[in-house]
Amino acid sequence: MKLSQLSQGERGTIVAFTDLEMSVKLMEMGCLPGEVVEVERFAPLGDPMAIRVAGYQLCLRKNEASVIIIQ
Amino acid sequence: MASDLKIALVGNPNTGKSTLFNLLTGLNQKIGNFPGITVDKKTGYCKLPDGKQATVIDLPGTYSLYPKSKDESIVFQVLADQKNPSHPDLIILVADATNLRRNLLLYTQVADLGLPVILALNMTDMARKEGIEVDVDLLSERLGVQVVAISARANAGLDQLKLAIGNRTSVPTQVAGADMHALAPEAVSKAKSVLSSDRDYFAMQLLHQHQHLDTLTGEEHGKLEKIKTETGFESSKLQAAETIARYRYLSTVMTGLIKDTGAARKFVFSDKLDAVLTNKFSGFLIFILILFFIFNSIFSWSSYPMELIEGSFAWLTNYGHQHLPDGVLTNLFLDGIVAGLGGIVIFIPQIAILFAFISILEDTGYMARVTFMMDKIMRKFGLSGKSVVPMIGSLACAVPSIMSARNIESWKDRIITIMVAPLVSCSARLPVYTLLISLIIPNKHIFGFINLQGLTLMGMYVISISAAILVAFVMKLVIKAKEKSYFIMELPVYRMPRWKNVLFTMYEKSKTFVFEAGKVIIAISIVLWVLATFGPPGRMDQVDQKYARIEAAKDSLQISTLERDKAAERLENSYAGILGQTIEPVIKPLGFDWKIGIALITSFAAREAFVGTMATIYSVEGGDAQATTIRSKMLAAKDANTGLPIFTFATGFSLMLFYAFAMQCMSTVAVVFRETKSWKWPMIQIVYMTGMAYIASLIAYQLLK
């Protein structure tokens, strides 16, 4: 399942990325495989989204979140 | 200044790096809560306990040495290139104790470059509040470098940090972290011999991004490229592998390091605020209310100090004319310099208030939420949520805002942001709007509290922002680009603004305006006074002779208006008058006369020159003896042929539209050239903006007259 498919308040564990280049940027920001992420909220217009990861709040667009495969 | 030591501050965005920089150097600068606010390299000086002097360089915040934007590439250039003038002897890595692992990722990269490092663990007080206790000694032992717990906000731990700088070693002491050689053994070994370096990670970084270093020779670039193709060096794959290896190393470093006594769920207050401030319904409403409050405040809070300043300058001019000997020098001083100065000082209240608000919005973290909320809309128009900050910054001044667009990663998003930013009404237009609005809009309140003039002002801002968005949309269709745009950014927790910082920003921006813009304005005021006072000898003499004859004839009917008529006729025949009259045919359809024409010409240097020009022109013209302020002089201005007031609603509105759209700022042109490295973009900008201004004013005047 993709991170972008979660609803507000849902959690998941990162297992893989589908885009290599994006994965570097995401991992630098703390989105590592094995890390638990929680969807905090969506922007008023539904995109981008804010997630809680590694103890802080990260925001990213849905198309960026869609490269994160979660369980 | 002579310096014994060069120190670079490196760290993630939002770690309080800039605050620490201010504390160390005492040299102030802008600090914001928004990622990437530190755009330019900032340098200051710091006295060390041993009496030595250190140069401190504040580098842009970054999450890793692999740059995602132009801003971040500076960090790699300074740290990796020994020939770079800013290359430091010592790095202070500022890390946020509340988010240690992500911050240490950058530390491991920086440490592997092989420069002496001190780790400054910032926000330790905040971390303690959240129940996070970091074992500083254990961390220092594991990393092999000095670790100092500080709190830049609370001004704590600074002495220890300075002591640590005094205790520095000239050779790096950090223990080796993750094995970088193992990632690409062949390529790294070959690169090391090309660069004659013994640093694995330095060699590998250069394989990744040697193109960012200008100091390598063409031959070296070629050799590195060749190694990459020969060894099958896959940049993205290796970066991913490196990041994973580093985090693996960090997990051993961090074992047993942190005592987390706090509740699992932190930042409850911030979350609650976010639930309201970025809510579907209340989010935008609150944003609009905040904007409205800001504009209303700019108008109502500034009116009293502005009247005071206006009155003082009018009094000064009058007093001067009464007590100083008559002559060209007195006139130059009072009607050229003092009048120009008055036109600058009067806008300090408004600029100070606007910047107080911008600084508060950035400092509290609300600005980051605005980008979060606006991203989807902005994307539709070819911009990114990150464009919101340069756009809102342009409300103050397009010049720093265009520079702040550097942290937009995508080239296309960035170019479009740069191209439309000057359309957003900057503070230099504020004087023009204020003056014209006070002339054509009555100072009345509707519903008892909404100031009609304030509402008009907000309308001007809405027009300018709509125009910017519309142009961006057109450019999105015209400009072609392949690269992706990113929007992966941290949403910092809400914090109280640092009031000292707000006050400082108000002072700093007002000062910059007075001294930077002021210089131009005073210079233009003097040039203008000369242009308006002198003319081609033949023509001016004729005017003088004509009035000398009338005076000699003692025609009582003409004597009463003699001084005024003479001044008006002199102005008409002066160089300025001739220049204005030359362009009058072109601007007549917009409702402008030749006097406004003069102001338009001077405004192409800087918009705020409009008010100064008006002040000079109408001072020279003399006008009513009672009318001492620019406003009353302009209000009294009549068309010489028809006797009707010049500043009617149609002319005033048309003029405001012209100032809203036209590219009238030399500094902006220069900065766009610098940022885009070509004359193509500033040229396009001048043509499209001025064209738009002409058409908008033409339509407005023809419909309203």
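Please read these numbers as outputs of a predicted model, since none were measured by experiment. Proteins come first, then strands; the chains are lettered A, B, ... in the order of their sequence lines, and each starts at number 1.
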* **Proximal component of B/Arg379, with respect to chain A [non-hydrogen, under 4.5 Å]** => side chain
* Could you tell me whether the side chains of B/Tyr494 and B/Asp274 share a donor-acceptor contact shorter than 3.5 Å? => yes
* Asked: Where do B/Phe76 and B/Leu65 come nearest, in terms of heavy atoms and distance?
  -> CB-O, 3.8 Å
* Asked: Checking heavy atoms, do the side chain of B/Thr278, its backbone, both or neither come under 4.5 Å from chain A?
  -> both
* Asked: Judged by modelled atom types alone, do B/Asp112 and B/Gln205 share a side-chain donor-acceptor pair under 3.5 Å?
  -> no
* Could you tell me which portion of B/Asn12 (side chain, backbone, both or neither) has an atom closer than 4.5 angstrom to a non-hydrogen atom of chain A? => neither
* Sorted by number, residues from residues 61-68 of chain A in contact with chain B (heavy atoms, under 4.5 Å) -> A/Arg61, A/Asn63, A/Glu64
* **Pairwise distance CG(A/Leu3) to CG(A/Leu60) - rounded to 0.5 angstrom** => 6.5 Å
* Does the ring of A/Tyr56 carry B/Arg102 above it, NZ/CZ under 6.0 angstrom from centre and within 45° of its axis? -> yes
* For B/Asn279, is it the side chain, the backbone, both or neither that has a heavy atom under 4.5 Å from a heavy atom of chain A? -> backbone
* Asked: Is it the case that B/Tyr66 and B/Glu242 place a side-chain donor and acceptor less than 3.5 Å from each other?
  -> yes
* Asked: Can you say whether B/Leu105 sits under 4.5 Å from chain A via the side chain, the backbone, both, or neither, judging by heavy atoms?
  -> side chain
* Region of A/Phe42 in contact with chain B, defined by heavy-atom distances below 4.5 Å -> backbone
* If you measure only the distance, is there a donor-acceptor pair under 3.5 Å linking the side chains of A/Thr13 and A/Gln71? -> no
* Could you tell me which portion of B/Phe487 (side chain, backbone, both or neither) has an atom closer than 4.5 angstrom to a non-hydrogen atom of chain A? => both
* Structure fact -> Sequence neighbours excluded, the answer for side chain to side chain contact (heavy atoms under 4.5 Å, CB included) partners of B/Ile469 is B/Phe381, B/Ile465
* B/Ser384 portion near chain A, given a 4.5 angstrom heavy-atom threshold -> both
* Under the ring-ring contact (aromatic ring centres under 6.0 Å, His included) test, residues paired with B/Tyr249 that sit two or more places apart -> none
* To do: Could you look at B/Ala275 and say if it's the side chain, the backbone, both or neither that has a heavy atom under 4.5 Å from chain A?
  => both
* To do: For B/His208 and B/Ser235, test the side chains for any donor-to-acceptor distance below 3.5 angstrom and give the result as yes or no.
  => yes
* Structure fact -> Sorted by chain and residue number, the salt bridge (Lys or Arg N to Asp or Glu O under 4.0 Å) partners of A/Asp47 (sequence neighbours excluded) come out as none
* Asked: Relative to chain B, which segment of A/Leu32 carries a heavy atom at a distance below 4.5 Å: side chain, backbone, both, or neither?
  -> side chain
* Asked: So with a 6.0 Å cut-off around NZ of B/Lys476, is the heavy-atom count from everything else above 12?
  -> yes
* Structure fact -> The interface call for B/Phe284 against chain A, heavy-atom contacts under 4.5 Å, is side chain
* Among the listed options A/Ser23, A/Cys31, A/Ala50, the residue most often paired with chain B at heavy-atom distances under 4.5 Å -> A/Ala50
